[in-house]
Amino acid sequence: MTELAEEKNVNRAVLVGLNAGCLSREENADEESLEELSALLETAGGETVGTAFQSKDSPDARTFIGEGKVGEVKELLQNAKAAMVIFDNPLSPSQQRVLTEELGVPVLDRAALILDIFAQRARTREGRLQVELAQYKYLLPRLTGMWGHLVRQTASGGKSPIGTRGPGETQLETDRRHIRRKIAKLEEELKEVRRIRATQRDRRIKNEVPVVAIVGYTNAGKSTLLNALTNSEIPANNRLFDTLDTTTRTLEISDTCTVLLSDTVGFISKLPHHLVDAFQATLEELTYADLLLHVIDVSNPLWREQTRVVEQLIYDLKAAQTPRIDVYNKSDLYVEEILPHGEDIVAVSAKTGQGLDGLLAAIGKRLDKGAFRVVIHLPYDKGGILDALYREARVEKVEYAETIRVDAVCAPKLLGQIREYVTEGWAPPKEPWEN
């Protein structure tokens with residue numbers, strides 16, 4: 001057994017998918033989703049050495065795939081000297097346990113693989129908290145299989161075999177209680193993260209700084225777009241889930257319109273629900289954003305399906321009402337004749353810079369409120385106006401001399417109310433008879 005284990009490469013895996021008529025689109029596998037699973041495995045540092053696919057009316061309650069297919073997978077494992085099996089479909093804890101016993105190697109599903117990638121990629125404390133919470137939620141219902149080899153210990157006088165009477169608690173129950181405590185602790189820590197985010201959000205709203213959130217399918221080019229727009233150097237690699245921790249940069253749209261541009265974790269089909277729940281602290285930013293940029297990799301033949309996945313997740317996160325611009329990225333690699341076009345649609349290439357001016361103009365059209373950067377001189381007995389400026393404008397500088405000099409960015413409505421004190425940057429519009 002040891003020699004066999006040594007021969008196996010721990011990173012080599014056989015992928016398995018089932019297509020059943022009774023399963024939903026999310027639960028089913030097909031050729032495209034298996035290709036994506038292979039790319040996920042590569043991202044995790046593994047290698048696909050074999051693939052098994054089955055179509056049947058309904059999954060096997062015990063092994064998910066049929067007994068004959070289990071034998072085929074076992075043969076694939078031996079021939080390729082693979083060390084694990086990864087299913088594209090979600091498996092129940094009992095199916096995972098049975099398959100692991102029958103195949104003699106660890107059996108994972110798509111959710112477990114994505115969790116492993118997230119665990120590798122998370123860098124910030126917040127990201128690690130979110131991943132750890134998702135891992136514990138995934139692990140909790142699977143503890144039975146992990147401790148199936150233990151015999152229940154019961155209080156003395158029970159009917160357990162000789163030598164198994166104990167203090168009345170199984171290792172399984174101990175572990176369950178420990179994990180529930182960990183989950184509760186992590187949820188409390190993430191509540192604190194959300195509280196801090198809410199405070200920061202209130203400050204942004206008070207300062208009238210709009211937030212633009214970049215969303216999209218994983219590997220659509222979100223980080224590359226952020227770099228191109230803000231001249232940043234955030235690592236942007238051609239691999240799935242390269243960005244997990246939210247990155248925010250300042251973007252100047254015009255002299256009077258500055259926004260915060262925020263990159264988010266990429267979406268993917270069959271994204272585990274407990275992962276979405278765990279990342280709620282990050283993803284709730286979408287709900288509070290002033291504008292979403294939905295980045296679509298238009299060079300990918302499956303871009304329409306990927307777009308539907310992202311739109312469904314935006315809906316699930318209750319961000320469907322947030323204004324949105326669809327950004328068709330990698331348009332320089334587009335193979336069809338006519339690029340998508342229309343209102344709130346922009347075609348760009350973040351890599352070459354093509355179309356970025358049009359994107360900035362589209363963002364400005366949505367968020368630039370026609371404010372003016374002005375200089376205001378207030379008499380000292382008009383201090384109440386300064387309070388109004390702090391509430392309703394963006395005050396950039398205040399100097400106290402013969403008057404109170406205020407440099408601010410103000411909307412036309414407020415400027416009309418304090419017109420006699422504005423000395424630079426704005427003049428009242430003339431009436432028709434004054435021209």
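Hydrogens, waters and symmetry mates are skipped; everything else that's a heavy atom, side chains included, is used.
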Donor-acceptor check, side chain of Thr322 to backbone of Leu291, threshold 3.5 angstrom: yes or no? no

Is the side chain of Ser92 donor-acceptor paired with the backbone N or O of Gln95 at a distance under 3.5 Å, no angle test? yes

Is it true that the side chains of [X] and [Y] contain a donor and an acceptor less than 3.5 Å apart?
| X | Y | answer |
| --- | --- | --- |
| Asp332 | Thr352 | no |
| Asp30 | Ser33 | yes |
| Ser38 | Glu35 | no |
| Ser55 | Asn19 | no |
| Asp109 | Tyr138 | yes |

Do Arg419's NZ or CZ and the ring of Tyr421 fall within the cation-pi criteria of under 6.0 Å and 45°? no

Enter the distance from [X]:[atom1] to [Y]:[atom2] here, rounded to the nearest 0.5 Å.
| X | Y | atom1 | atom2 | result |
| --- | --- | --- | --- | --- |
| Leu225 | Leu229 | CG | CG | 4.5 Å |
| Glu32 | Glu36 | CD | CD | 10.0 Å |
| Ile325 | Arg366 | CD1 | CZ | 7.0 Å |
| Asp326 | Glu311 | CG | CD | 6.5 Å |
| Tyr136 | Ile183 | OH | CD1 | 9.0 Å |
| Asp344 | Arg324 | CG | CZ | 9.5 Å |

Has [X] got more than 12 heavy atoms of other residues, nucleotides or ligands less than 6.0 Å from its [atom1]?
| X | atom1 | answer |
| --- | --- | --- |
| Glu343 | CD | no |
| Lys56 | NZ | yes |
| Asp387 | CG | yes |
| Glu336 | CD | yes |

Using 4.0 Å as the upper bound for N to carboxylate O, is an ion pair formed by [Y] and [X]?
| X | Y | answer |
| --- | --- | --- |
| Asp88 | Arg110 | yes |
| Lys185 | Glu187 | no |
| Lys270 | Glu305 | no |
| Arg373 | Glu424 | no |
| Arg125 | Glu189 | yes |

Which residue pairs pass the salt bridge (Lys or Arg N to Asp or Glu O under 4.0 Å) test with at least one member in residues 60-74, sequence neighbours excluded? Arg62-Glu67, Arg62-Glu102, Lys69-Glu72

[X] versus [Y]: any side-chain heavy-atom pair under 4.5 Å?
| X | Y | answer |
| --- | --- | --- |
| Phe87 | Leu99 | yes |
| Lys222 | Val295 | yes |
| Ser94 | Phe64 | no |
| Leu293 | Leu261 | yes |
| Val211 | Val259 | no |
| Thr423 | Ile376 | no |

Does the ring centre of Trp303 sit less than 6.0 Å away from the ring centre of Tyr217? no

